[in-house]
Asks: 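Have a look at this one before I ask anything.
Heavy-atom basis, side chains included; hydrogens, waters and symmetry copies ignored.
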Amino acid sequence: MSTAPTPVVSRNPADPSDVVVETAAPGALAAADAVERARGAQPGWLRGGAAARAAALGALAAAVEAAADELTALAVREVGKPVTEARAEVARTAAIWRYYAQAAYDPTGAVHETAAGPGLLLTRRRPHGVVGLITPWNFPFAIPAWKAAPALAAGNEVVLKPAPDATACAVRLAEIAQRALPTGVFTVLPGGATEGDAVVSSADAVSFTGSTAVGRAVAAAATARGVPVQAEMGGLNAAIVLPDADMDTAAAHIASAIAGYAGQKCTATSRVIAVGAALAPLREALAAHLRALPVGAPTDPATVCGPLITEQARDRVAEARRGLPALVTTPAPTGSDGWYAAPALLEDVPPDHPLLCEETFGPLAVLLPADDLDRAVRMTNSVPYGLVTSVHTASLDTALHGLDRLDTGMIRINAPSTGVDFHLPFGGTKASSHGPREQGRAALDFYTSTRTYTLAPAHPQPPAKTT
């Protein structure tokens, strides 16, 4: 593993000359020390009780709401998120903290009868201790919140190692959290691979969101230590459109899922599978919606597709579509030094092309025909990933029974592939996810371990006499 720290530099994707933050990375020893300091604070946080934890998380939610304008502007500047979407993310972040504030009161176990004789059997969930969170840049407030909030509600401490490109957002979130929480309960640790490796090597549980390659390495390292780990990784998500779908509505949903936030979401749509007679009308409707989709500066409330996060990300998108004819291309802004890439819908892509087997993380999608639903399901399942599939149909029977063979963790009917319901489990299959689900009450299970207690009477009563 890497040992030498590297400087942390975060730039504005829409104006790369604007350096949002530049700081020295603390290094591996400082990262391990941060975990140990958090471990020292954990017993007091747990012993404070559910009411104290709920009040603190509720106060944190209120503080996020109070700082909404500031946080929105910071997300726009640091990660290039369009302002309308950034505002919605901040609102969701506050809602997540408030949701898990109430989860502090959830039952921590159950009581069972013994199989025979007097006594009781109890199960009880207990926190792991210090949870290491390694988070990406694309949801700089919401993803740290939906990891940290359930961990804290259950009585853990958290050490957050954000992606370098979202350092300023993470530091500001930590400042807000630290005013609402006791000292040592929430720590942010800027840095790169060195600091991330140190957190994985010392935390009592690890939750990761990011690329598949790094996620697999994190899962392997944590598993080797015998600590709980979950990893949410890539997606190569399909939208299946049947002939009975409302084509205009389906096309609007799919266009936003292709190019919203420049396709920089693990739930973005990158394959559009038109079933049978749906191909021609879908092609026309989707092309029209993509052409009309606003591309521009993330500060403009009308913008849906802004810049890519880095110059390297923009170049990867350009390379991925090089030499492929586009059915439609939306022009990127001119006269800007930002890292913009034109959204594109591609057709007649060779079956072995990387776009059909690798995640691009940009505003690109491939239109594919399928003779029938069975073929569409097989095409959907043919990739290494299995995060989410959107299906567009007017048939309730298809929605309830025709999709049972889809090998994806989430299926969204007549809705974009993008979008998260944070009160329900989130996760995929195959290379998309490793370990237990995130979000909802499932998160409380991951951030705790279950113990079984047997309570036998200290002085057993003699059996009752029978006559």
Side-chain angles (χ1 to χ4, degrees), residues 230 232-258 260 265-286 289 345 347 349 351 356-357 359 365-443 445-446:
Q230 61 184 184
E232 291 300 329
M233 299 172 283
L236 196 62
N237 309 300
I240 299 175
V241 183
L242 280 84
D244 63 357
D246 182 314
M247 291 298 158
D248 189 66
T249 301
H253 287 162
I254 294 167
S256 68
I258 292 170
K265 305 176 185 179
C266 62
T267 55
T269 295
S270 52
R271 296 176 298 150
V272 183
I273 302 175
V275 178
L279 181 60
L282 178 63
R283 180 192 289 118
E284 181 180 354
L286 185 52
H289 277 281
L345 179 66
E347 202 172 15
V349 175
L356 296 178
C357 57
E359 185 180 44
V366 178
L367 180 62
L368 303 165
D371 294 335
D372 52 32
L373 180 59
D374 285 346
R375 174 61 178 159
V377 170
R378 290 196 299 273
M379 292 168 66
T380 301
N381 292 344
S382 66
V383 299
Y385 301 97
L387 185 56
V388 58
T389 303
S390 70
V391 182
H392 304 267
T393 179
S395 169
L396 180 63
D397 183 67
T398 297
L400 293 179
H401 305 294
L403 306 173
D404 289 345
R405 292 182 292 108
L406 280 174
D407 192 10
T408 53
M410 297 175 289
I411 300 170
R412 293 172 59 84
I413 309 297
N414 296 323
S417 61
T418 52
V420 172
D421 300 299
F422 60 78
H423 57 298
L424 293 176
F426 176 94
T429 62
K430 299 182 288 189
S432 289
S433 299
H434 173 95
R437 291 292 190 247
E438 287 198 291
Q439 303 192 51
R441 260 45 187 182
D445 292 332
F446 172 72

Asks: So, taking the atom named CG in Leu279 and the one named CD in Glu284, what distance separates them when rounded to the nearest 0.5 Å?
Replies: 11.5 Å
Asks: Please find the pair of heavy atoms, one from Glu438 and one from Ala443, that lie closest to each other, and give the distance.
Replies: C-CB, 4.5 Å
Asks: Rounded to the nearest 0.5 Å, what separation is found between the OG atom of Ser390 and the CD1 atom of Ile273?
Replies: 9.5 Å
Asks: Output the distance between atom CE (Met247) and atom NE2 (His289), rounded to the nearest 0.5 Å.
Replies: 12.0 Å
Asks: Write down the atom of Cys266, the atom of Leu387, and the distance for their closest heavy-atom approach.
Replies: O-CD2, 3.3 Å
Asks: Look up atom CG in Leu286 and atom CG in Asp248, then write down how far apart they are to the nearest 0.5 Å.
Replies: 10.5 Å
Asks: Roughly how far, to the nearest 0.5 Å, is the OG1 atom of Thr249 from the NE2 atom of His392?
Replies: 10.0 Å
Asks: Compare every heavy atom of Ala277 with every heavy atom of Pro281, then report the nearest pair and how far apart it is.
Replies: CD-O, 3.3 Å
Asks: Any side-chain heavy atom of Thr408 sitting closer than 4.5 Å to one from Asn237?
Replies: no
Asks: For a 4.5 angstrom cut-off between non-hydrogen side-chain atoms, does Asp374 reach Arg405?
Replies: yes
Asks: Check whether Asp421 reaches the backbone of Leu424 with its side chain - one donor and one acceptor, N or O, closer than 3.5 Å.
Replies: no
Asks: Does Arg437 reach the main-chain N or O of Gly428 with its side chain, forming a donor-acceptor pair under 3.5 Å?
Replies: yes
Asks: Using atom types as modelled and distance alone, determine if a side-chain donor or acceptor of Ser432 lies under 3.5 Å from a backbone N or O of Tyr385.
Replies: no
Asks: Does Val383 offer a backbone N or O that forms a donor-acceptor pair with the side chain of Lys430 under 3.5 Å?
Replies: yes
Asks: Could you walk me through whether Ser395 and Leu242 pass the side-chain contact (heavy atoms from CB on, under 4.5 Å) check?
Replies: CA-CA 9 Å; Ser395 169; Leu242 280 84; over 6 Å; no
Asks: Please report the C-alpha distance between Val388 and Thr418 in whole Å, then the side-chain angles of each, then the deciding distance to 0.1 Å, and finally whether the side-chain contact (heavy atoms from CB on, under 4.5 Å) criterion is met.
Replies: CA-CA 8 Å; Val388 58; Thr418 52; over 6 Å; no
Asks: When you measure from the side chain of Gln230 to the backbone N and O of Pro436, does any donor-acceptor pair fall under 3.5 Å?
Replies: yes
Asks: Would you say Thr429's side chain and Gly386's backbone share a donor-acceptor pair under 3.5 angstrom?
Replies: yes
Asks: Between Thr389 and Leu403, is a side-chain contact (heavy atoms from CB on, under 4.5 Å) present by the stated rule, with each step listed?
Replies: CA-CA 10 Å; Thr389 303; Leu403 306 173; over 6 Å; no
Asks: Would you check if the side chain of Asp371 reaches a backbone N or O of Val275 as a donor-acceptor pair within less than 3.5 Å?
Replies: no
Asks: For His253 and Ala415, work out which heavy atoms get closest and say how close.
Replies: ND1-CA, 3.9 Å
Asks: Would a distance-only check, ignoring hydrogens and angles, find a side-chain to backbone donor-acceptor pair under 3.5 Å from Arg271 to Leu356?
Replies: no
Asks: Start with the C-alpha distance between Thr398 and Asp244, add both sets of side-chain angles, then the distance that settles side-chain contact (heavy atoms from CB on, under 4.5 Å), and finish with yes or no.
Replies: CA-CA 11 Å; Thr398 297; Asp244 63 357; 5.6 Å; no
Asks: With rounding to the nearest 0.5 Å, note down the distance linking CG in Leu373 to CZ in Arg378.
Replies: 10.0 Å
Asks: Sort and list the pairs that fulfil ring-ring contact (aromatic ring centres under 6.0 Å, His included) and have at least one residue in residues 409-438, not counting sequence neighbours.
Replies: Tyr99-Phe422
